[in-house]
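For reference, the structure is listed below as structure tokens.
Each ligand, and each atom within it, is numbered from 1 in the order the structure gives.
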Amino acid sequence: MKAKIKELLKKRKAIMLAHNYQPPEIQDLADICGDSLELSIKASQTDAEVIVFCGVHFMAETASILSPDKIVLLPRRDAGCPMADMVTAKALKSKLDNLPPMPVVTYVNSPASVKALSTICCTSANALEIVNSLDADELLMVPDRNLARNTAAQTDKKIHAWNGYCPVHDLLTPEAVKKAKELHPDAVFIAHPECRPEVIQLADAALSTSGMIRFAKESKSKAFIIGTEKGMLYPLKQANPGKEFYPASEQMICADMKKISLEDILRSLELMEGQVKVAEEIRLPAMEAVKKMIDLALKKS
Ligand code: 13P
Ligand code: SF4
């Protein structure tokens with residue numbers, strides 16, 4: 001199966017991108033694995049003709065926004081993101097009608113039609129930097145209320161939060177973290193910014209998924225409690241063979257991130273099935289918002 005996929009990737013001049021939460025066998029096969037920001041940048045820079053996106057729908061959409069001339073394949077059409085579905089263009093328009101004019105910072109975990117109405121996008125890796133880059137004291141962050149509140153705690157700007165959340169990260173409670181800390185008293189606790197503020201308060205660091213890998217590599221600590229989707233334990237262990245990683249909760253599993261199988265990838269490449277394409281009238285304004293974010297990230301690196 002793996003050899004067949006590799007052969008087809010070559011034949012189709014395709015690149016395979018995988019998010020850090022994907023199953024191990026998919027991460028092992030991918031050309032690159034990463035967090036949302038890294039994968040967006042790669043999707044904007046590759047010269048491949050086809051992008052096979054192993055992640056969820058908004059990620060494939062973002063790749064299509066950035067690379068309209070390429071074919072973007074999402075091997076399972078039904079791999080979505082419940083948080084991204086918590087905001088629609090219609091609902092955002094009506095919210096904006098009831099607020100004074102202000103910039104909209106939209107998390108990439110959102111539909112393309114919402115990005116199209118936004119000032120700029122952000123990911124968990126750069127939310128604070130994006131907010132601070134704006135020439136405004138007041139703004140709206142969409143759709144993750146936890147990311148909005150966690151960012152607001154680090155800036156003087158007034159942030160209005162959309163009431164969306166990631167069902168996987170929002171279920172982690174301070175009690176569960178305290179229990180994990182009791183079990184592993186020497187471990188450092190790192191959490192994803194999609195967790196609730198009261199969980200982030202207990203964390204030694206709040207980082208994107210790839211930020212967690214870098215942090216664990218650089219840290220002198222030998223043990224870590226991980227406050228994010230459980231799939232993250234695999235790339236963390238791969239990058240840090242001598243260190244121990246414990247999930248903050250066994251229940252933090254994103255079913256959507258586990259939908260794609262090797263069979264789905266093979267079928268998608270064989271039949272060119274699962275194409276994701278964003279209509280031009282949405283793509284152009286959405287690209288403005290995504291590009292602004294990427295330009296800022298590239299300027300920094
Ligand atoms: P990052 O990998 O960008 O930290 O995002 C996590 C996530 O929930 C993606 O769906
Ligand atoms: Fe969406 Fe949460 Fe799953 Fe990420 S982990 S894809 S934010 S539901």
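- With respect to atom 3 (Fe) of ligand 2, the closest heavy atom belonging to the protein is Cys254 SG, 2.4 Å.
- Protein heavy atom closest to atom 1 (Fe) of ligand 2, with residue, atom name and distance, is Cys81 SG, 2.4 Å.
- Contact annotation: the side chain of Val105 never approaches that of Ser118 to less than 4.5 Å [non-hydrogen atoms, C-beta and beyond].
- Remark: the Glu194 side chain and the Tyr107 side chain contain an N/O donor-acceptor pair separated by less than 3.5 Å.
- Assignment of Glu229 to the shell around ligand 2 is not supported, since no heavy atom sits closer than 4.0 Å.
- Not a single N/O/S atom of Cys166, whether from backbone or side chain, sits less than 2.8 Å from atom 3 (Fe) of ligand 2.
- Put simply, no part of Asp256 is less than 4.0 Å from ligand 2, judged by heavy atoms.
- The closest side-chain donor-acceptor pair between Asp264 and Ser261 falls under 3.5 angstrom.
- Each of the atoms 7 (S) of ligand 2 lies under 4.0 Å from some heavy atom of Met83.
- Contact of the Thr173 side chain with the Val199 side chain is not registered, since no non-hydrogen atoms from C-beta on lie closer than 4.5 Å.
- Nearest to atom 10 (O) of ligand 1 by heavy atom, out of Asp35, Thr228, Leu147, Asn109, is Asn109.
- Close contacts between ligand 1 and Ser208 involve ligand atoms 4 (O) [criterion: under 4.0 Å to a heavy atom].
- Annotation for ligand 2: atoms under 4.0 Å from non-hydrogen atoms of Glu194 are 2 (Fe), 7 (S).
- Per-residue contacts place His19 under 4.0 angstrom from the following atoms of ligand 1 (heavy atoms of the residue considered): 1 (P), 2 (O), 5 (O), 6 (C), 9 (C).
- For ligand 1, the polar-atom distance check finds an N/O of Thr209 within less than 3.5 Å of one of the ligand's N/O atoms.
- Side-chain atoms of His19 and Met257, non-hydrogen and from C-beta on, do get closer than 4.5 Å to each other.
- Looking only at protein heavy atoms, the nearest one to atom 8 (O) of ligand 1 is Glu194 OE2, 3.1 Å.
- The protein non-hydrogen atom at the shortest distance from atom 3 (O) of ligand 1 is Ser36 OG, 2.8 Å.
- Heavy atoms of Glu229 come nearer than 4.0 angstrom to ligand 1 in no pair at all.
- Heavy atoms of Ser124 found under 4.0 angstrom from ligand 1 belong exclusively to the side chain.
- The pair Lys70-Glu49 fails the salt-bridge criterion, with no side-chain N (NZ, NE, NH1 or NH2) lying under 4.0 Å from an Asp/Glu carboxylate O.
- Near Asn109, the atoms of ligand 2 lying under 4.0 angstrom from a non-hydrogen atom of the residue are 7 (S).
- Ligand 1 has an N or O atom lying under 3.5 Å from an N or O atom of His192, backbone or side chain.
- Pro82 CD, 3.4 Å is the protein heavy atom nearest to atom 8 (S) of ligand 2.
- Side-chain contact between Ile26 and Ile260: present, with at least one pair of heavy atoms (C-beta onward) separated by less than 4.5 Å.
- Counting the atoms of ligand 1 from 1 in the order shown, those under 4.0 Å from a heavy atom of Met257 are 10 (O).
- Ion pairing between a basic and an acidic side chain is recognised when a charged N comes within 4.0 Å of a carboxylate O; Glu280 and Arg283 show such pairing.
- Residue contacts with ligand 1: His169 is placed with no nitrogen or oxygen under 3.5 Å of a nitrogen or oxygen of the ligand (distance criterion only).
- In summary, the side chains of Thr123 and Asp35 do not present any donor paired with an acceptor at a separation below 3.5 Å, with no hydrogens or angles considered.
- Taking a 4.0 Å cut-off on heavy atoms, Met83 fails to register as neighbouring ligand 1.
- Checked for salt-bridge contact, Glu229 and Lys258 meet the test: a charged N lies under 4.0 Å from a carboxylate O.
- Each of the following atoms of ligand 1 lies closer than 4.0 Å to a heavy atom of Met59: 9 (C), 10 (O).
- A salt bridge links Arg196 with Asp170: the closest approach of a Lys/Arg side-chain nitrogen to an acidic carboxylate oxygen falls below 4.0 angstrom.
- Two residues are said to be in side-chain contact when any heavy atoms from C-beta on lie closer than 4.5 Å; Met212 and His192 meet this criterion.
- Contact of the Glu61 side chain with the Ile282 side chain is not registered, since no non-hydrogen atoms from C-beta on lie closer than 4.5 Å.
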